[in-house]
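Working notes, beginning with the structure itself.
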Amino acid sequence: MLGLLSHTAPLVSSPVTIFLIVLAIILFAPLLLNRLKIPHIIGMIVAGIVVGPFGLNILDRDSSFNIFGQVGLLYLMFLAGLEIDMFHLRLNLRRGAVFGALTFLIPMVTGVLASVYILHTPWLTAFLLASMYASHTLIAYPVAARFGITKSPAVLISIVATIVCVIGALLVLAGAVNIEQTGQFSYLGMLWLIGKSALYCGAVLYAYPRLTRWFFKNYSDKVTQYLYVLTMVFLSAWLSGVVGLEPVLGAFFAGLVLNRYVPVNSPLMNSIEFVGNALFIPYFLIGVGMMINVGVIVRGNTLWVACVMLAVALFSKWLAAYIAQKAYRMEGCDRGVMFGLTTAHTAVALAVVTIGYNMVRPDGTRMMDETILNGTVLVILVTCAIAPIVTSGAAAKIKLRMLGAPDTTAPDIPRIENILVPVSNPITAASLAELALLMRRRKGGPRADRFYALHVRNDNSRASKEMGASSLALAKGAASGVDMPMETLERFDLNTVAGILNTVHERDISAIVMGMHRKSNVIDTFLGGKIEQLLQGTSCMVVLSRCYIPVNTVTRIVVFVPEKAEYETGFRQWVEALASLANDVGCRLIFCANTQGRSLIAGVIARSGLGIRHEYRPADGIDDFMLLANRVLDDDLLVVIGARADTVSYTPEMTDIALFLQRYFGRNNLLLIYPRQGVHAVPETSSDEFSFPSFTAEQLATFADPLGSATAPSPSVLRPLSAYFRRLLNSLRH
């Protein structure tokens, strides 16, 4: 019956009805399968089999499924590259490359031997078929993302292995096609392919960051940014196909390059994930199911060939994961995730068998006959069904292991922070809210930080009310873009400072994120009278922001930490806030502090569990801070840790720093942070409690200094003039 239905016209041909059926499948398949504890990916594929031309023949796999299916596959690979934590990826790069070599070579060797000695194929066909076994698609990556384990070593190792396998399979494919067409292996042809690939990668690595930074600086509309990102993804995929690689590799590579400019907790990332998971990726999975003809499996010796192919595909990938797990002393659940992520075959497998089927030898036979073609279909069906099931079971165990890790939250810091974002101008309201969201410690769930947007007015004019409503709406919209609730507060009070202070006491606020004062006249101070009154009236952490570019386009975060800042009660709070910001933005974090401060900062970051790229530079006084003027670039974010008067870390030099910021850093992006204050003047953390796991304080002090000198300065504030100019020349040379 399945075969007869496949030769008749589909029951539905209206575009509206087709789209309605597809949307119904996308909507109801996950709801039904969640009750049965089955991953929704399988439901999409099975639904495609049922409604497709080889099932009930309700829908035909027409051009719309070809287009949306290809878009969905590219979107899936792009998301996989975009969601990767680049810091942890670098840490697992070597292990991932080794696992990639294992999960490529073992299927290649096993596939060639099985094809030649069991299926009795020619050697060239065996190599081409083995390249299909060696490649894989990250079809189960959404399962790992749903469990929140994308930063685990098993997932990152599998991602690196995917890059190795896809490139290796494509090189084998190109070599086999070259031999079939010319009768010999061409080293020049292979070198030309490698050269074109290197040129393509270099062009994307050079052009994409510069274009993206310029575009995001000049166009802040989220819809425009989303369309730009998609355009760059498909441009990279197209260029990848032009040089002879698969478009899926280009989409994945674009995700890696754009990863830096799309923070995980941003409205843009939320929009990208929403559209992909709601439409394009399910369309691709349904299209995969519609290609599968279950009826051909029982014809002739197809079942035998399919079983051999399936056994080789599954066993070789499992063996590679098993060897890697034992070599790196990982647990069984890690092996399950690595096996689940690397066992599904779709894109490259279809490309390989299609090319082999279309290649006709001089004697009229095909390089790959219909039996191998149908066997590949079964391999795709079974591996796409097994991959999410195995990944789901292993990912749950990894998640439980992660949740069982000890909580390193300091007892003197509130477990849940209440963060206040005062907004007065619609132009800056959204950017302030996004900055506060990127600096949050608790990312989600019942323990997430709570956010409040506040507008204070002291008149009842219509213009004041409309400005307040617009500012609050934009701030709330920025929070909604990342699925984070933000309560809006409109307050009528004597003045702005009184309104903020009253809200701080009423809502038990632990941090304030607000815009920096703009000097309006000659006698005005750098902070302004209102900010100075606010700092005197509250002890919570205050973050003053002045950013001329979007935060996600920042290249480095340079933090100047004054002497004795580690003795303040809010020391750990601002360190973790900056670490969260660097983690979300994906940029380098550089701390300029004295020896003790560097050691304690390193310990806080190590204990926080945030994987970020952070470095340390020696800085002991105001003259070290002055040297930063020559080294902080327009795309950097300068962070200065301030101090309220009469606090432990306050010195008369703080006045000089404010004047220096006003004079020399007027065009730089700036954050001025005043830590939370307490009643005691002892370090809130000790060097023993927060010791850096890999470096001592003396080793940290000897780190190379790309911002300036590589030698720690002397403690004296008033250095000889000759030494000052010598350090200045060194900084300019670097």
Side-chain angles (χ1 to χ4, degrees), residues 409-414 417 439 441 501 504 509-513 525-527 531-544 558-579 591-605 607-608 616-626 628 638-661 671-692 697 700-701 712-718:
T409 303
D412 59 339
I413 296 180
E417 289 196 9
M439 296 180 72
R441 295 183 305 147
L501 290 177
V504 167
I509 299 299
S510 57
I512 301 174
V513 180
T525 62
F526 177 71
L527 293 178
I531 299 296
E532 292 174 351
Q533 293 176 25
L534 178 64
L535 293 174
Q536 293 174 3
T538 179
S539 61
C540 66
M541 183 176 73
V542 178
V543 180
L544 304 177
V558 182
V559 187
F560 177 75
V561 184
E563 189 178 0
K564 298 182 180 180
E566 65 273 12
Y567 287 85
E568 299 288 358
T569 306
F571 171 71
R572 176 165 184 162
Q573 185 184 23
W574 66 258
V575 172
E576 288 191 345
L578 291 177
F591 291 97
C592 302
N594 59 20
T595 302
Q596 184 177 3
R598 296 196 300 271
S599 179
L600 291 173
I601 290 171
V604 171
I605 294 178
R607 289 286 299 272
S608 68
Y616 304 89
R617 308 289 174 255
D620 287 319
I622 185 65
D623 50 348
D624 292 311
F625 176 74
M626 291 179 179
L628 290 176
L638 174 63
V639 181
V640 177
I641 307 302
R644 296 171 172 88
D646 301 326
T647 57
V648 176
S649 59
Y650 180 80
T651 62
E653 293 180 357
M654 292 296 178
T655 305
D656 298 332
I657 290 178
L659 295 174
F660 199 72
L661 288 173
L671 286 187
L672 191 55
I673 299 179
Y674 288 88
R676 179 170 59 92
Q677 296 299 312
V679 296
H680 56 281
V682 294
E684 69 164 14
T685 56
S686 66
S687 57
D688 293 334
E689 180 184 1
F690 290 112
S691 58
F692 195 80
L700 289 171
S714 63
S716 175
V717 175
L718 299 176

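- Listed here is the closest heavy atom pair of A511 and C540: N-CB, 4.2 Å.
- Under the side chain to side chain contact (heavy atoms under 4.5 Å, CB included) rule, V559 has a single partner from I673, V575, L578, V640, which is L578.
- Residues passing the side-chain contact (heavy atoms from CB on, under 4.5 Å) test with L501 are V497, L534, T538, sequence neighbours excluded.
- Atom CD of Q536 and atom CG of D646 lie 9.5 Å apart (nearest 0.5 Å).
- Here the CD1 atom belonging to I641 is positioned 9.0 Å from the CG atom belonging to L671, to the nearest 0.5 angstrom.
- Every residue two or more places apart in sequence or in another chain that forms a side-chain contact (heavy atoms from CB on, under 4.5 Å) with S539 is listed here: Q677.
- Aromatic ring pairs are classed by plane angle as parallel below 30°, tilted from 30° to 60° and perpendicular above 60°; the pair F591 and Y616 is parallel.
- Annotation: the span from T647 atom OG1 to Y567 atom OH amounts to 14.0 Å, rounded to 0.5 Å.
- Scanning all heavy atoms of the two residues, the minimum distance from P675 to G642 falls at CD-O, 3.3 Å.
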Please report the C-alpha distance between L544 and Y674 in whole Å, then the side-chain angles of each, then the deciding distance to 0.1 Å, and finally whether the side chain to side chain contact (heavy atoms under 4.5 Å, CB included) criterion is met. CA-CA 8 Å; L544 304 177; Y674 288 88; 4.2 Å; yes
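- Residue Q573 holds its CD atom at 4.0 Å from CE of M541, rounded to the nearest 0.5 Å.
- To the nearest 0.5 Å, atom CD1 of residue I531 and atom CG of residue L672 are 9.5 Å apart.
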F571/V604 under side chain to side chain contact (heavy atoms under 4.5 Å, CB included): CA gap, chis, key distance, verdict: CA-CA 9 Å; F571 171 71; V604 171; 3.8 Å; yes
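- Rounded to the nearest 0.5 Å, atoms NZ (K564) and CG (N594) are 10.5 Å apart.
- At least one donor-acceptor pair under 3.5 Å links the side chain of E568 to the backbone N or O of S649.
- R644 places no side-chain N or O within donor-acceptor distance of the main-chain N or O of Y650, the cut-off being under 3.5 Å.
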